[in-house]
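Side chains are part of it too, since the values below use all heavy atoms of this structure and drop only hydrogens, waters and symmetry mates. Numbers here simply count residues along the sequence, with the first being 1.
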Amino acid sequence: MSYQIPSTVIWENTGFPLDPTKNYKLVTIKVNASSRWTANRNPGGGGTYDARGWQGRKPGGPGYKVPTSDEGCLVGNISGTAFVFTFEVEPITGKTEVVDKEIILGFRVDGQLSGDILLGINDNNLVGDNAGEIQVISIDWKEVRG
């Protein structure tokens, strides 16, 4: 499975469902590391970014789904709950690493949470503010204990 997520849409349904499980699930998404988009085309917008976004730049303000995230980062949505992929060490919340031109993102979610995974680059309802796309290479998940 490989497909593009354009920055001109707010949420792109991956068509990848999560089933409810007794324990937590670790969702792993691989994206093409050469994928780039602008987080903010305004003057001083900072250039282009990958799934980690404009590191250290918190957008704040109304309209953002996850206002405490780095502007322009890849955002996920499961069952109407938006989240960002955190870049810390497993098993606390998630992980990120670049391997052979891929960025591997991980996110640990409640086992009872089920629904389609949606991904978005433009999370602030201002479609057209961003330009570019991200190529998703694969999505997988497994149940984890503890």
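Side-chain contact check for R36 versus D50: some heavy-atom pair is nearer than 4.5 Å. In this structure, the side chains of K101 and S34 stay at 4.5 Å or more apart for every pair of heavy atoms. Under the 4.5 Å side-chain criterion, counting only non-hydrogen atoms from C-beta, I5 is in contact with Y3.
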Let me see the working for N77 and L119 under side chain to side chain contact (heavy atoms under 4.5 Å, CB included), right down to the final yes or no. CA-CA 6 Å; N77 184 317; L119 298 176; over 6 Å; no

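The only option from T28, T21, I29, L26 that meets the side-chain contact (heavy atoms from CB on, under 4.5 Å) definition with W141 turns out to be T21.
The CD1 atom of I78 sits 10.0 Å away from the CZ atom of F16 when rounded to the nearest 0.5 Å. In this structure, CG in L118 is found 11.5 Å from OG1 in T81, a value given to the nearest 0.5 Å.
With sequence neighbours left out, D19 forms a side chain to side chain donor-acceptor pair (under 3.5 Å) with no residue at all. Residues passing the side chain to side chain contact (heavy atoms under 4.5 Å, CB included) test with Q135, sequence neighbours excluded: S2, Q4, N32, S35. Annotation: side chain to side chain donor-acceptor pair (under 3.5 Å) contacts of D110 (sequence neighbours excluded): none.
Taking every heavy atom of both residues into account, L18 and L113 meet most closely at CB-O, 4.3 Å. Closest approach of G56 and D70 over heavy atoms only: N-OD1, 3.1 Å. When all heavy atoms of A51 and I134 are compared, the pair lying nearest together is CB-CD1, 4.2 Å. Taking every heavy atom of both residues into account, N23 and V144 meet most closely at CB-O, 2.8 Å. Scanning all heavy atoms of the two residues, the minimum distance from A33 to I103 falls at CB-CG1, 3.8 Å. Taking all atoms of both residues into account, the shortest heavy-atom contact from Q112 to P20 is O-CB, 4.1 Å.
Between the side chain of T14 and the main chain of I117, a donor-acceptor pair closer than 3.5 Å is present. A distance-only check finds no donor-acceptor pair linking the side chain of K25 to the backbone of V109 [under 3.5 Å].
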